[in-house]
Enquirer: 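Please see the structure below; I have some questions.
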Amino acid sequence: MTAKSVGGARVERADEDDDGRDGEAGGVGAGFAKAGDFAVAGPRRAPFGDPLVEFLLRLGDDRLILGHRLSEWCGHGPILEEDIATSNMALDLIGQAAQLLRLAGEVEGKGRDEDALAYFRDAVHFRNCLMVEQPKGDFGYTTMRQFLFDAYSVLLWEALVGASHEGLAAIAAKALKEAKYHLRHSSEWVVRLGDGTEESHARIQRSLDELWRFTGELFERDAVVEGAARAGVAVDLEALRSRWDAIVRDVIDRATLTIPADVVMQSGGRRGRHTEHLGHLLATMQIVARSHPGAKW
Amino acid sequence: MAARAKGAPKRAAATDGAAAEAAWPLWEVFTQGDQGKPFEHAGSLHATDAEHAMQNARDVYARRGEAVNLWVVPSSAIIASAPGDAGPFFDPGNDKAYRHPQFYKVPQGVRVF
Amino acid sequence: MATTKKSPPPADDPALVAAFEARIAAGESIEPKDWMPERYRKQLTRMMAQHAHSEIVGMLPEGNWITRAPSLRRKLSLIAKVQDEAGHGLYIYCGTETLGVERDELVAQLHDGTAKYSSIFNYPTLSWADMGVIGWFVDGAAIVNQTVLAKASYGPYARAMVRICKEENFHKRQGYEICATLAKGTPSQRAMLQDAIDRFWWPSLMMFGPSDKDSPNSAELLKWRVKRKTNDELRQRFVNLTVPQAQAIGVTLPDPDLTYNPETKNWDFGEIDWDEFWQVVGGNGPCNKERLAARNAAHDEGAWVREAALAHAAKQRRGTEAA
């Protein structure tokens with residue numbers, strides 16, 4: 001046994017390399033090719049996977065993560081009636097997510113079902129937008145996020161009802177009805193909180209200010225959106241955006257609120273570049289499933 | 001956070017001028033179980049206005065597909081008969097056999113009437 | 001001139017009491033506006049409030065696992081179940097409102113710690129298996145209690161109970177299905193299940209309340225058909241129902257005295273730790289403080305929301321009147 005001094009401390013090394021070459025086999029470079037054997041210059045961005053699978057994951061993950069956030073309210077709502085309403089929305093969204101992830105798994109064809117996708121992917125493999133993963137905040141924040149998302153969701157499902165992909169069109173037809181009710185519920189609350197008391201007005205205005213930076217991501221076009229369109233799942237995000245603007249402005253006006261100006265938009269969720277909140281959400285969500293590999297529940 | 005001590009002052013008044021927190025009004029919910037069926041009383045709930053009463057009724061009393069239509073009515077709008085009136089109100093209806101078809105005889109040979 | 005004094009509550013007219021008791025004896029249902037003895041109103045309010053509080057506090061131990069449910073199917077059914085509990089609490093609070101007691105008044109009593117609720121919810125939920133065992137034991141015990149209450153004399157309570165019983169059946173089946181799945185699962189799943197059973201068995205037996213000999217309210221409640229069976233009768237019925245279900249999935253119940261009595265056709269069981277029971281009822285259970293704190297926090301943090309809805313409605317009304 002030899003002893004080496006590292007940074008002044010003595011470190012015992014139990015087994016020295018046979019050939020005595022320090023820092024090769026046992027060191028940092030162990031097992032790697034020598035420099036020069038490969039091109040070190042990589043792509044700026046990892047290429048997208050199958051666009052239809054990616055598109056379905058985006059739809060499914062948005063709803064799974066938002067449903068999860070809503071379910072955190074269960075038992076903690078501002079009044080019993082609203083506790084029940086919030087749970088209903090969580091159930092609708094997680095139900096939609098289960099269907100969408102199942103379909104994504106089928107299209108992917110690697111034998112992953114909805115639970116494998118929900119419980120055994122890491123944060124960087126989730127494709128939800130950043131807005132839905134933000135912590136639930138107060139009831140105003142939850143309500144404003146729900147409203148901004150619901151308006152988007154209704155328009156998206158309206159577009160997807162006509163998708164030539166039959167499986168997705170069927171999911172869209174059912175989800176559209178649910179989303180319409182969610183929008184009615186959340187928009188009525190936005191108006192009540194905006195127009196209610198001074199405190200409620202200030203709180204929900206603050207939530208709108210904080211959330212606005214995540215709205216741009218909802219309408220971003222990229223290779224996945226274009227690829228999905230070629231696979232029979234076309235959404236005209238530009239048209240959707242202007243209709244969304246109209247809905248949002250109408251409700252925000254009635255709620256006597258103001259859309260913040262000059263906001264720098266944040267995005268990245270669609271490529272797995274999330275905020276730090278998602279990892280903690282998943283740590284909670286996945287802990288039981290991952291602690292018992294191979295178990296059935 | 002600690003439980004509020006008994007008798008501790010309630011939350012400060014709302015800015016709208018309301019005093020200590022007021023309760024949301026009570027509403028009665030009626031559900032129609034299927035097309036063409038009568039509306040039946042399902043229960044009550046709290047809401048501040050008709051739209052919210054309707055939404056809450058949907059979420060509380062129709063989440064298992066129990067209804068195809070809903071009515072919501074402010075509880076204060078329901079006028080109920082008084083128990084003391086039960087005798088004069090309802091007993092006289094009990095001995096009017098001639099209001100029921102069984103009171104009338106049909107000749108024996110007529111099988112379907 | 002006599003000084004005006006606060007008059008004592010009028011004693012119930014014996015003739016009215018007799019007529020009321022005759023109606024009860026005839027199996028009639030008492031409706032909100034009917035005359036009823038003050039004691040009946042009080043006992044009913046107390047019992048219904050306790051029941052409603054139990055549903056609401058009961059959302060917390062199970063809500064604790066919603067975010068960790070190990071499959072999407074389980075997550076959905078757990079949310080639906082906890083949501084139902086909110087519904088049940090709501091139905092019963094509405095029933096008390098027909099007795100002239102506002103929900104807010106009862107909720108305030110819950111929040112300041114003066115009202116009681118089922119002591120079972122003061123135990124922590126420590127593993128996923130607890131979701132199965134609570135459904136199986138706690139909802140099973142609740143069904144035993146409530147099936148009888150559905151025939152209670154007070155109409156609004158009985159009607160709420162009919163609706164609740166229908167919904168609770170799904171809860172119990174869901175719980176038992178979780179247990180059966182774990183029982184067939186990996187060694188660690190089976191161990192998780194047995195541990196949960198060992199923790200929840202005795203508290204579940206305590207759910208039926210003190211033994212008949214220590215139950216001060218029972219006689220009166222039975223006379224007025226607010227209750228239909230005694231605590232001990234219901235407890236025995238629960239044990240008799242549950243033992244074969246435990247045998248069917250191959251788990252043990254933590255009671256060495258558990259034996260079948262061929263004479264009475266009952267499963268005899270050991271003595272309940274009544275000291276523990278009274279400790280938990282008295283507010284010193286493992287989670288009493290946490291449960292009340294969580295309910296208070298939800299209520300306090302929701303105050304601005306409730307106020308806003310009221311304020312908006314008031315503005316709308318003023319707007320309509322002005323127009």
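So you know, we letter chains A, B, ... as the sequences are listed, proteins then strands, and number each from 1.
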Enquirer: When only pairs under 4.5 Å are counted, which of Ser200(A), Ala85(A), Ser87(A) shares the most heavy-atom pairs with chain B?
Expert: Ala85(A)
Enquirer: Could you give me the CA-CA distance, side-chain angles and deciding distance for Val190(A) and Thr143(A), then say whether side chain to side chain contact (heavy atoms under 4.5 Å, CB included) is met?
Expert: CA-CA 7 Å; Val190(A) 167; Thr143(A) 300; 3.9 Å; yes
Enquirer: Going by residue number, which parts of residues 29-39 of chain B are within reach of chain A, meaning a heavy-atom gap below 4.5 Å?
Expert: none
Enquirer: At a heavy-atom separation under 4.5 Å, does Arg192(A) approach chain B through its side chain, its backbone, both, or neither?
Expert: side chain
Enquirer: Kindly state whether the ring of Phe219(A) and the ring of Tyr152(A) have centres lying under 6.0 angstrom apart.
Expert: yes
Enquirer: Looking at His68(A), is its backbone amide N or carbonyl O close enough to the side chain of Ser71(A) to form a donor-acceptor pair, meaning the two atoms are under 3.5 Å apart?
Expert: yes
Enquirer: So, Glu217(A) side chain and Leu130(A) main chain: donor-acceptor pair closer than 3.5 Å or not?
Expert: yes
Enquirer: Are more than 12 heavy atoms from other residues, nucleotides or ligands located less than 6.0 Å from atom NZ of Lys136(A)?
Expert: yes
Enquirer: Distance alone, cut at 3.5 Å: any donor-acceptor contact between the side chains of Asp92(A) and His182(A)?
Expert: yes
Enquirer: Go through the atoms of Ile79(A) and report whether side chain, backbone, both or neither lie under 4.5 Å from a heavy atom of chain B.
Expert: side chain
Enquirer: Would you confirm whether Arg127(A), through its side chain, and Asp61(A), through its main-chain N or O, come within 3.5 Å as a donor-acceptor pair?
Expert: no
Enquirer: Is there a donor-acceptor contact under 3.5 Å linking the side chains of His185(A) and Gln55(B)?
Expert: yes
Enquirer: Is it the case that the side chains of Asp150(A) and Ser186(A) hold a donor-acceptor pair, with the cut-off being a distance below 3.5 Å and no angle test?
Expert: yes
Enquirer: Hydrogens and angles aside, do His41(B) and Glu28(B) bring a side-chain donor and acceptor to less than 3.5 Å of each other?
Expert: yes
Enquirer: Tabulate, in ascending numerical order, the residues of residues 57-69 of chain B having at least one heavy atom closer than 4.5 Å to a heavy atom of chain A, or enter 'none'.
Expert: Arg58(B), Asp59(B), Val60(B), Arg63(B)
Enquirer: Do Trp73(A) and Glu82(A) have side-chain N/O donor and acceptor atoms under 3.5 Å apart?
Expert: no
